[in-house]
Amino acid sequence: MTAHDAIKSIDFFKDLDEEQVAFLQEISSIRKFSADTIVYYEDDIDYSLQFLVNGTIKIYKIDKYDNEIFLYYIYSNNMISEFTSIDESSIYCFSNAEFTEDGLILSIDFKKFKKKFINTGILTHSFIKEILNKTHQLQCILNRELVYDATAKVAFMLNNDLEMFNKLKRTKVAFMLHIQPETLSRVLKKLSRSEIISIEGQKIKILKADELLGIFRGIGQ
């Protein structure tokens, strides 16, 4: 895949004309990654704006005991970079990013991108929306880790990451949610008895999306 193809595949750039796409292509590159490859580490400084073209990236932090603390997944067609300020030309990496499967990243020279597309207002609105989405995502993580009980944690992941939930082993899901595997099993059985979900082997199907949403919506708001 070329940088031009990648730009065209990402919704963030959908309103750019061909001249703007051509300029963006000149300051961009495509990077290939294999599964389990680290994109960046916490506290790294980056100088490129990064978008995930395809694949899945796990975002996590490491605590003082070297335990992995799962934060969230990034899926294709989304911005990877995290921002605390757009006044600088460098980007501080808040957490660790690791591919869970083979994938591609579109890397853009952030200094040149900012001058052409942010300072002029061309993509300012889209950029602000991306940052607000990241902020909302972090708010959800705070609720999940500090406020939600086990049932709310499971309901939240089923609602937001059903495909990943069904792909992973249940022990891995429990580890990510910081609950015991036995607790996860009890919650799934309870949701199944309430006919909010159905369980077919290792696959979960959502039967009552509104009721599932109601389990965690409003908690911590």
Side-chain angles (χ1 to χ4, degrees), residues 1-14 16 21-63 66-86 88-114 116-118 123 126-127 129-131 133-138 140-141 157 160-169 171-173 175-177:
M1 177 180 285
T2 65
H4 182 274
D5 293 335
I7 293 165
K8 285 292 190 178
S9 73
I10 297 173
D11 290 342
F12 184 87
F13 305 114
K14 64 182 180 181
L16 297 183
V21 170
F23 175 84
L24 188 59
Q25 183 178 351
E26 291 179 2
I27 61 172
S28 302
S29 62
I30 292 291
R31 302 164 63 198
K32 295 182 179 180
F33 291 83
S34 300
D36 302 322
T37 302
I38 298 293
V39 181
Y40 55 77
Y41 290 99
E42 183 178 352
D43 297 330
D44 280 354
I45 300 296
D46 198 3
Y47 296 91
S48 60
L49 176 64
Q50 303 191 65
F51 286 84
L52 183 59
V53 180
N54 57 50
T56 306
I57 291 176
K58 177 179 65 175
I59 302 297
Y60 65 97
K61 294 178 77 71
I62 301 294
D63 67 16
D66 290 330
N67 296 313
E68 180 181 303
I69 302 174
F70 168 75
L71 298 179
Y72 57 91
Y73 286 109
I74 298 177
Y75 299 102
S76 58
N77 195 21
N78 282 288
M79 182 189 292
I80 302 169
S81 304
E82 303 164 327
F83 286 88
T84 55
S85 170
I86 60 171
E88 305 293 333
S89 296
S90 59
I91 302 171
Y92 173 78
C93 298
F94 171 75
S95 49
N96 305 284
E98 178 183 333
F99 269 91
T100 62
E101 57 188 3
D102 295 352
L104 295 175
I105 285 178
L106 176 71
S107 293
I108 305 167
D109 184 307
F110 182 56
K111 183 177 180 179
K112 294 178 180 178
F113 174 86
K114 185 172 66 169
K116 174 70 174 180
F117 296 104
I118 303 300
L123 285 174
S126 297
F127 194 70
K129 283 181 64 178
E130 284 289 338
I131 293 175
N133 286 336
K134 290 278 189 183
T135 300
H136 176 69
Q137 194 169 35
L138 290 174
C140 290
I141 292 168
M157 185 169 182
N160 291 280
D161 277 307
L162 180 61
E163 182 178 352
M164 186 61 67
F165 192 104
N166 283 328
K167 185 184 296 186
L168 296 173
K169 293 182 178 180
T171 52
K172 179 65 174 179
V173 172
F175 173 78
M176 289 166 52
L177 295 178

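Keep in mind that this is a model prediction, so the values were computed, not measured.
Residues Phe23 and Leu16 have side chains not in contact (no heavy-atom distance under 4.5 Å, counting atoms from C-beta outward). In this structure, the side chains of Asp102 and Ser34 come closer than 4.5 Å at one or more pairs of heavy atoms. Using a 4.5 Å heavy-atom threshold, the side chains of Asp109 and Tyr47 count as separate. Counting heavy atoms from C-beta on, the side chains of Ile105 and Phe99 come closer than 4.5 Å. Side-chain contact between Leu49 and Met79 is present, with at least one heavy-atom pair separated by less than 4.5 Å. Residues Phe51 and Ile7 are not in side-chain contact: their nearest non-hydrogen atoms beyond the backbone lie 4.5 Å or more apart. Side-chain contact between Tyr60 and Glu98: present, with at least one pair of heavy atoms (C-beta onward) separated by less than 4.5 Å. Looking only at side-chain heavy atoms (C-beta outward), Gln50 and Ile91 stay at 4.5 Å or farther from each other.
Under a cut-off of 6.0 angstrom, the local environment of NZ in Lys134 is crowded, with over 12 non-hydrogen atoms contributed by other residues, nucleotides or ligands.
We find that Lys61 and Glu42 are joined by a salt bridge, their nearest charged nitrogen and carboxylate oxygen being less than 4.0 Å apart.
Atom NE2 of His4 and atom CD1 of Ile30 lie 12.0 Å apart (nearest 0.5 Å). Atoms CD1 and CE, on Ile69 and Met176 in that order, are 13.5 Å from each other to the nearest 0.5 Å. From Ser81, atom OG reaches atom CG of Leu52 across 11.0 Å, with rounding to the nearest 0.5 Å. Atom CZ of Phe113 and atom OG of Ser28 lie 9.0 Å apart (nearest 0.5 Å). A distance of 8.5 Å separates CD of Gln137 from CD1 of Ile59, quoted to the nearest 0.5 Å. A distance of 13.0 Å separates CZ in Phe110 from CZ in Phe117, rounded to the nearest 0.5 Å.
Relative orientation of the Phe12 and Phe127 rings is perpendicular, given thresholds of 30° and 60° on the angle between their planes.
By the side-chain contact (heavy atoms from CB on, under 4.5 Å) test, Tyr75 pairs with Thr56, Tyr73, Asn78, Asp161, Met164, sequence neighbours left out. Ile141 pairs by the side-chain contact (heavy atoms from CB on, under 4.5 Å) definition with Leu71, Tyr72, Leu138, Arg144, Glu145, not counting sequence neighbours. For Glu68, the side chain to side chain donor-acceptor pair (under 3.5 Å) criterion is met by Lys58, not counting sequence neighbours.
A donor and an acceptor atom, one from each side chain of Tyr92 and Asp43, are located under 3.5 Å apart.
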